[in-house]
Amino acid sequence: MNHVYHPQEIEMKWQERWAKDKIFEVEKDSKKSKFYVLEMYPYPSGHMHMGHLRNYTIGDTFARYKRMKGFNVLYPMGYDSFGLPAEIAAIKKGTPPEEYTRANIASIKADQQRIGFGYDWRREVSSIEEKYYKWNQWMFIKMYEKGLAYRKESLVNWCPKCTSVLANEQVITGKCWRCNSTVEPKFLSQWFFKIRDYADELLAGLDNVEWPQKVKIMQRNWIGRSEGTTADFHVEGTDQVLSIFTTRIDTVFGVTFMTMAAEHPWCKDWVKGTKYEKLYEEFHNEVMQLDRYERMSEDAEKKGMFLGKYAINPLNGEKIPIYAGNFVIYGYGAGAVMAVPAHDQRDFEFAKKYEIPIKVVIQPFDGFTLDGDKISRAFVEDGVLHDSGDFSGMENRPAIQAIANKLEELGKGGPTINYKIRDWLISRQRYWGTPIPMIYCEKCGIVPEKIENLPVQLPDDAVFGKSGNPLEHSEKFMHVNCPSCGGTARRETDTMDTFVDSSWYFLRYASPFSEDLPFVKDDVDYWAPVDQYIGGIEHAILHLLYARFFTKVSRDLGLHSIDEPFRALLTQGMINMIHPYCEHCEKFLPAAHDKDGNWEGDYDSEKGTCNTCGNTYITKSAKMSKSLGNTVSPGGIIEQFGADTARFFIMHGANPEKELEWSDSGCYADNKVLLKIWYALTEEPSQYRNEPDSYDEFIQFRLNRMIKVVSENYDKIIIRDALNEIVAFADIFREYLTMVPLKSLYNEAREKLILMLAPVVPHMCEELWQITEHKGFSTLASWPSYDTALITPEIERHWLSLDNLINDAKNIQNIIDLEGINEIQIIVAADWKNGFVTEMLGQVVEGNPFGTLMKSAMANPDWKQYGKNIKGYLQKLAKNPGKYTVPFSTQQAEVDFFLSNSDLLKKELGMPVLVVSEEDAQNKKKSQALPGKPAIILQ
RNA sequence: GCGGGGAUAAUCAAGUCUGGUCCACGAUGCUGGACUUAGGAUCCAGUGCAUAGCGCCGCGAGGGUUCGAAGCCCUCUCCCCGCACCA
């Protein structure tokens with residue numbers, strides 16, 4: 001046979017055949033176990049990039065493997081197609097968002113199809129479709145009816161660049177998650193989803209999913225459950241009550257002041273018309289000017305001011321001053337805290353600065369008595385209550401419970417659980433999203449749109465580029481009759497956060513054609529949850545938390561019975577690439593070109609210098625990113641080498657969770673590996689053997705071991721390690737071709753080798769499957785099983801000793817002058833040594849000292865005669881007992897083994913091999929032989 | 001500061017859970033050689049030191065446990081990521 005590898009032709013051909021035979025289209029089948037593999041659906045921004053290629057290849061490989069293992073595999077794809085970039089394009093270029101988005105979807109979809117991902121394309125979901133976003137609106141109304149969607153005025157995060165608000169989850173260290181602008185606080189009326197109602201369940205559910213520990217921890221921290229106590233502090237001279245939250249109610253008798261968040265609306269009321277007003281204005285402005293991140297950083301100076309008001313301690317009736325402070329978070333707890341300077345370091349510093357009394361109410365267990373006037377830092381450890389009314393003398397831990405209960409009795413608070421997580425702000429002041437289906441009627445107030453009128457469509461007369469939301473300028477959209485009274489009303493112009501779209505798309509895939517409900521319960525209950533979800537760590541909180549929330553809400557609406565959407569999660573590693581780095585400027589030097597293609601980067605690649613400082617730069621691994629200009633497009637590789645090489649490289653470069661170093665040479669090398677395998681599998685041996693021989697056993701061993709290792713690694717999605725085992729076997733297989741193989745075994749090995757590779761390089765494998773005269777698609781073939789009897793540790797030890805023998809002999813060949821050498825003699829250790837090594841190894845492991853070993857060996861009458869050599873053997877055994885084994889049951893077995901492999905030895909070593917037993921050998925080196933480790937003589 | 005993950009040869013990187021053919025998988029790079037109408041082609045060998053082998057050194061640093069440590073324990077250094085005054 002003479003088959004040349006033409007990836008472009010092969011790949012197109014098989015993609016067409018797969019599509020024609022609809023092999024990736026799946027239906028519910030109660031007789032088969034289902035398996036749902038999913039990648040996070042992409043925002044369609046033009047072409048597919050390396051990160052996408054990696055993400056989808058991991059998923060496709062795994063889905064193909066599971067399919068071959070006999071699962072009914074659901075593997076769909078779709079597009080997260082609402083979002084700001086389309087609107088920006090509309091403003092800049094005048095392209096309507098829909099046109100822009102559809103063009104991008106077409107382009108990325110073509111890229112995906114060119115790689116040969118086995119998606120069930122009938123199930124494609126796209127959030128911009130009316131038939132999709134209609135259900136966002138439907139869900140919104142259902143949630144509104146249940147009180148889970150509500151409108152509230154509050155302090156929200158405003159991104160000036162996106163001219164829209166953001167959810168807390170979308171503010172990353174004070175910056176917008178999308179454009180990195182500094183976020184500003186603003187008071188606005190906005191729509192929220194009550195994710196806090198599900199805080200406990202969201203926390204508990206993490207115990208039932210197979211996610212990376214890291215992601216679970218991040219979600220737990222984000223939810224931020226904290227057990228503590230609320231205590232009501234009356235504000236003197238008003239009917240206001242500060243219901244503060246604390247985890248240290250045991251210190252309540254030591255409260256000497258209260259601290260309010262500076263922006264708390266009460267502060268303003270209290271100072272109005274008093275001598276504190278002017279000072280407060282200044283203080284408030286100062287605090288609000290700093291961005292949130294700066295303000296919260298630990299080294300920021302703690303500042304505050306007295307507000308002229310007093311609060312009453314609910315337990316001892318003491319009157320304590322109320323301050324405003326720059327370190328209290330308005331959004332957490334009551335936006336106010338009780339301050340106990342003796343037992344909280346931050347309060348201590350504040351008290352010292354403003355000369356507030358410090359009252360010690362917990363004394364250390366060791367009997368030492370602290371004095372509030374003298375201590376130099378807060379005492380935060382456990383101790384015994386002191387000056388605490390009825391609770392004095394109690395240990396502080398039990399006192400927490402006791403005091404909380406007392407407060408409950410008094411009707412002034414009690415045990416509470418507090419959460420850091422805030423409700424999800426879903427309003428966005430943008431056009432390109434799902435309109436919130438609410439109507440403002442002067443007479444009836446806020447009224448939901450009627451279900452039968454859904455979807456509320458995006459108008460096509462929107463004008464972009466004016467200030468504010470384009471929907472506000474659309475007459476067609478704004479004007480509506482009230483669904484309740486029929487009078488004139490106006491629509492809500494906010495649209496939904498696009499994270500709403502991605503919160504349930506994975507359920508829609510299960511029944512993409514459902515028209516009466518977002519999805520059909522039976523379909524979701526069969527296919528969901530997603531068994532393996534694959535995506536980037538950047539969604540550890542955002543999407544993954546919202547999707548879990550939506551799953552629970554839709555379950556409670558009776559739409560399905562799934563608790564957690566994603567049973568297992570794999571977060572893929574970044575893709576890195578070597579890039580110039582200036583040690584002097586301490587930064588990576590961006591590469592860039594102007595629009596005519598002229599170099600505009602920050603370094604001179606010819607001189608190897610930094611353009612800023614002129615010093616020579618070094619190269620370091622950097623994340624592939626647009627901002628550094630070091631991206632490599634998968635398109636080029638596919639054009640040059642084909643999709644299978646691209647897939648193979650990206651799976652072989654690093655295991656899925658690890659960082660992947662992209663390199664040209666690595667890619668070329670992997671193309672070579674594929675070519676080698678291709679030729680090994682297409683070139684038939686010129687002749688076959690009919691009688692089995694020893695080497696066949698080796699092939700059997702390695703073949704079965706490969707299937708075992710590869711299956712185990714694919715099961716755990718450790719794809720690189722699986723490929724390494726396959727590549728190693730391919731080398732052995734190639735060797736086998738040259739050794740006149742046994743036909744049946746050759747065919748078996750060839751077939752199984754193709755199937756091992758099929759999940760990663762499916763097109764090549766289909767072609768090989770056809771060339772090797774198999775029927776049907778390798779994609780639909782059954783995954784091979786292996787025979788454990790052929791890979792026992794004993795068999796492994798035999799082949800290992802042969803391998804060691806070859807390596808040792810080669811080593812000698814490399815270091816000596818081969819002139820006049822024409823034969824290798826293999827001297828197998830004498831029979832008595834098997835018993836000797838077995839026995840003495842046992843004694844070494846028991847921990848016997850050398851002297852005891854020696855005595856014990858010499859006491860054996862059969863061994864005594866070898867006394868002069870025994871000391872040497874024992875020294876070796878004692879030094880590293882793990883290294884020595886007895887691989888063969890008898891000397892004869894060992895002799896037979898090496899004899900039966902003498903052809904192979906001859907081939908490997910390039911000279912004839914003579915196998916003799918130690919007893920028959922003449923050379924004095926024969927005494928060096930040990931079981932499984934023959935003496936080697938070149939003569 | 002708190003929490004998590006790391007540090008392996010020129011480079012990337014497996015091995016660490018479960019200590020023992022680990023003279024550390026694999027890949028890249030590099031050096032030889034074979035072949036050849038010279039290729040990012042293919043094949044073979046080498047790539048810490050030593051050497052007719054089966055030895056020494058080595059897995060961030062130091063100590064410990066063990067017959068035996070890349071792996072287990074302790075201390076330290078450095079790097080990455082997340083959270084960041086959460087009362």
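Residue numbering restarts at 1 for every chain, and letters A, B, ... go by the order of the sequence lines. It should be emphasised that the depicted structure is a prediction, and the values quoted were computed from it without experimental measurement.
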Sort me out a list of protein N/O and nucleotides 16-18 of chain B N/O pairs below 3.5 Å, or just none if empty.
none

Which residues pass the ring-ring contact (aromatic ring centres under 6.0 Å, His included) test with Trp211(A), not counting sequence neighbours?
none

Taking 4.0 angstrom as the limit, do Glu712(A) and Lys716(A) come out as a salt bridge?
no

What residues in residues 929-939 of chain A put a non-hydrogen atom under 4.0 Å from any atom of RNA chain B?
Lys933(A), Pro934(A), Ala935(A), Ile936(A), Ile937(A), Leu938(A)

Enumerate the protein-to-nucleotides 80-82 of chain B contacts in which both atoms are nitrogen or oxygen and the separation is below 3.5 Å.
unit_1: rC81(B); atom_1: O2'; unit_2: Lys214(A); atom_2: NZ; d: 3.2

I want to know whether Phe350(A) and Phe327(A) have ring centres closer than 6.0 Å.
yes

Tyr354(A)/Phe257(A) aromatic ring centres below 6.0 Å
no

Would you be so kind as to tabulate the donor-acceptor pairs closer than 3.5 Å made by side chains of residues 795-809 of chain A, with sequence neighbours excluded?
unit_1: His798(A); atom_1: NE2; unit_2: Pro887(A); atom_2: O; d: 2.9
unit_1: Ser801(A); atom_1: OG; unit_2: Arg797(A); atom_2: O; d: 3.4
unit_1: Ser801(A); atom_1: OG; unit_2: His798(A); atom_2: O; d: 2.8

Which whole number of Å gives the distance between the C1' atom of rG71(B) and that of rG20(B)?
11 Å

Between [X] and [N], is there a contact of a side-chain N or O with OP1 or OP2 at under 4.0 Å?
X: Lys216(A); N: rG4(B); result: no
X: Arg734(A); N: rC43(B); result: yes
X: Tyr884(A); N: rG20(B); result: no
X: Lys883(A); N: rG55(B); result: yes

Short N/O separations, protein against nucleotides 64-66 of chain B, under 3.5 angstrom:
none

Could you give the [atom1]-to-[atom2] distance, from [X] to [N], as a whole number of Å?
X: His652(A); N: rG26(B); atom1: NE2; atom2: C1'; answer: 6 Å
X: Gln928(A); N: rU51(B); atom1: CD; atom2: P; answer: 17 Å
X: Asn811(A); N: rG46(B); atom1: CG; atom2: P; answer: 8 Å

Under 3.5 Å donor-acceptor pairs involving side-chain atoms of residues 926-939 of chain A, not counting sequence neighbours:
unit_1: Lys926(A); atom_1: NZ; unit_2: Ala921(A); atom_2: O; d: 3.2
unit_1: Gln939(A); atom_1: NE2; unit_2: Glu823(A); atom_2: OE1; d: 2.7

Using the test side-chain hydrogen bond (donor to acceptor under 3.5 Å, both in side chains), find all partners of Tyr332(A) that sit at least two apart in sequence or belong to another chain.
none

Can you check each nucleotide of nucleotides 28-37 of chain B against protein heavy atoms at under 4.0 Å and return B for base, S for sugar-phosphate only, - for none, in 5' to 3' order?
S---------

Minimal non-hydrogen separation, Gln813(A) against Ile824(A), with atom names
NE2-CD1, 3.9 Å

Qualifying salt bridge (charged side-chain N to carboxylate O under 4.0 Å, His left out) pairs, either residue in residues 210-226 of chain A, two or more places apart
Asp200(A)-Arg225(A), Asp207(A)-Arg220(A), Glu210(A)-Arg567(A), Arg225(A)-Glu227(A)

Could you give me the CA-CA distance, side-chain angles and deciding distance for Asn724(A) and His652(A), then say whether side-chain hydrogen bond (donor to acceptor under 3.5 Å, both in side chains) is met?
CA-CA 8 Å; Asn724(A) 272 341; His652(A) 189 230; 3.0 Å; yes

Side-chain donor-acceptor pair under 3.5 Å between Ser226(A) and Asn418(A), yes or no?
no

Could you list, one pair per line, each protein nitrogen or oxygen that sits under 3.5 Å from a nitrogen or oxygen of nucleotides 68-70 of chain B, together with the distance?
none

Identify the stems formed by RNA chain B, where each pair is Watson-Crick or G-U wobble with both distances under 3.5 angstrom and a stem is at least 3 consecutive pairs.
B:1-7 with B:77-83, B:10-12 with B:26-28, B:29-34 with B:42-47, B:60-64 with B:72-76

